[in-house]
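Below: the structure, in structure tokens.
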Amino acid sequence: MPLRSTEAGWGALVRVFHWSIALLILVQAVIGLSMVEMGLTPAKVRVFALHKSIGMTILALVLLRIAWRLGERRPADPPAMPRWQVRAARATHLALYLLILAIPLSGWWFNSASNAPLVWFGWFDLPSLTGGLDPVWKPRALLLHQTLFGLLVALLVVHVGAALWHHFKQRDEVLRRMVMGPRKKTGGG
Ligand code: HEM
Ligand code: HEM
């Protein structure tokens, strides 16, 4: 199983990053949306702490993913793919990268502006971005966190829709090679 991507498909590391981050974001979204509805109990405090720890883990994984991806090549696009679709896919991917970076950063910013603690899974403290309470930027940071999340959901509808369209309608390799990696050469045929 090649670690690096090739002309024929995505390498193992790109796939591990893609699917682990996708799964964590799904878990994170469910926790985020349910925790804000909870009554003020000790459980709420624990769930908030969990949301923040998972969020900071996602941020670290996204940074590692981008650093790795900068040294990778992209597999070739399906030959029949029109130019506008190639451009639309690139723009969507870039926007997805920006959003999965900006969402945890805005959460961190909101948490800092609220002067709330940030302890990674109860292990160690992470620094504040604002150095204390910031009542002016606090509501703006929260609005940003919520709006960016809404944008991510909208873009994911397009992204997942495109992946399924490639797989079931175009019947090309685009989804398969993100799941399984490059197809092995069978020699002949
Ligand atoms: C990819 C990572 C993240 C995702 C997808 C995410 C998603 C969400 C969602 C959907 C909500 C509910 C918003 C609402 O309806 O009001 C939320 C709230 C919240 N998030 Fe995140 N979040 C992420 C990372 C973070 C990080 C890293 C932190 C802090 C270090 C954080 C802190 C918070 C806080 C404090 C709230 C509660 C806001 C309130 O009191 O209304 N989030 N997040
Ligand atoms: C939170 C969820 C997700 C995020 C943030 C996300 C993000 C991304 C990003 C940034 C890329 C570009 C990869 C690169 O060029 O380095 C990508 C590629 C891809 N994603 Fe996702 N993705 C998510 C979920 C999904 C799901 C659920 C599917 C399938 C149903 C999917 C299918 C694909 C495929 C097939 C590619 C490769 C596209 C190509 O070869 O051009 N993604 N994804």
Side-chain angles (χ1 to χ4, degrees), residues 1-5 9-36 38 43-75 89-134 137-138 140-156 158-160 163 177-179 181:
M1 195 168 38
L3 206 60
R4 301 194 72 92
S5 304
W10 295 106
L13 216 55
V14 165
R15 287 180 286 130
V16 167
F17 275 130
H18 179 270
W19 295 111
S20 57
I21 291 172
L23 185 71
L24 283 173
I25 288 180
L26 178 69
V27 170
Q28 182 72 343
V30 173
I31 296 177
L33 292 172
S34 12
M35 74 186 191
V36 288
M38 290 172 77
K44 179 171 186 159
V45 177
R46 283 199 296 274
V47 179
F48 262 64
L50 180 67
H51 179 82
K52 295 190 260 177
S53 295
I54 297 177
M56 294 307 282
T57 310
I58 295 175
L59 177 60
L61 284 173
V62 171
L63 289 172
L64 287 173
R65 174 179 177 180
I66 292 173
W68 172 263
R69 176 66 174 82
L70 290 175
E72 282 276 74
R73 64 177 306 168
R74 244 197 77 83
R90 296 285 197 286
T92 311
H93 294 160
L94 180 65
L96 284 171
Y97 275 124
L98 292 176
L99 285 170
I100 58 178
L101 256 184
I103 292 171
L105 281 174
S106 62
W108 188 3
W109 184 28
F110 169 67
N111 194 66
S112 308
S114 314
N115 204 20
L118 184 55
V119 190
W120 193 76
F121 292 107
W123 267 17
F124 52 86
D125 288 315
L126 291 166
S128 163
L129 294 177
T130 55
L133 187 70
D134 188 338
W137 284 99
K138 182 181 153 180
R140 295 176 186 168
L142 176 58
L143 185 65
L144 191 65
H145 196 54
Q146 292 164 332
T147 310
L148 293 176
F149 176 73
L151 275 177
L152 177 67
V153 173
L155 222 56
L156 280 176
V158 176
H159 182 62
V160 173
R177 71 187 186 185
M178 186 44 110
V179 178

- Message: The test is side-chain contact (heavy atoms from CB on, under 4.5 Å); show your working for Tyr97 and Arg69 and say whether it passes.
- Response: CA-CA 11 Å; Tyr97 275 124; Arg69 176 66 174 82; 3.8 Å; yes
Identify the two heavy atoms, one from [X] and one from [Y], that lie closest to each other, and give their separation to 0.1 Å.
| X | Y | result |
| --- | --- | --- |
| Glu72 | Ser5 | OE2-OG, 2.7 Å |
| Pro75 | Gly9 | CG-C, 3.5 Å |
| Pro127 | Trp108 | O-NE1, 2.9 Å |
| Ala95 | Leu155 | CB-CD2, 3.4 Å |
| Arg65 | Ile100 | NH1-CD1, 4.1 Å |
| Leu99 | Pro104 | O-CD, 4.3 Å |

- Message: I want to check something: taking the side chain as every heavy atom from C-beta on, are Asn111 and Phe48 in contact at a cut-off of under 4.5 Å?
- Response: no
Rounded to the nearest 0.5 Å, what separation is found between the [atom1] atom of [X] and the [atom2] atom of [Y]?
| X | Y | atom1 | atom2 | value |
| --- | --- | --- | --- | --- |
| Asn115 | Lys138 | CG | NZ | 9.5 Å |
| Gln28 | Ile21 | CD | CD1 | 12.5 Å |
| Ile103 | Leu148 | CD1 | CG | 5.5 Å |
| Thr147 | Leu152 | OG1 | CG | 12.5 Å |
| Leu24 | Ile31 | CG | CD1 | 9.5 Å |

- Note on the structure: In Leu118, Leu126, Val47, the residue satisfying side chain to side chain contact (heavy atoms under 4.5 Å, CB included) with Lys52 is Leu118
Between side-chain atoms of residues 54-61 and protein atoms elsewhere (two or more places apart, or another chain), which donor-acceptor pairs fall under 3.5 Å?
residue	atom	partner	partner atom	Å
Thr57	OG1	Ser53	O	2.7
Thr57	OG1	Trp120	NE1	3.0

- Message: According to side-chain hydrogen bond (donor to acceptor under 3.5 Å, both in side chains), who are the partners of Arg90, at least two apart in sequence or on a separate chain?
- Response: Asp77
- Trp109 side chain to His145 backbone, donor-acceptor under 3.5 Å: no
- Please determine if Arg140 forms a cation-pi arrangement with Trp137, meaning its NZ or CZ atom is less than 6.0 Å from the six-membered ring centre and no more than 45° off the ring axis. yes
- Query: Hey, what's the ring geometry for His18 with His159, parallel, tilted or perpendicular (30° and 60° as the breaks)?
  - Reply: tilted
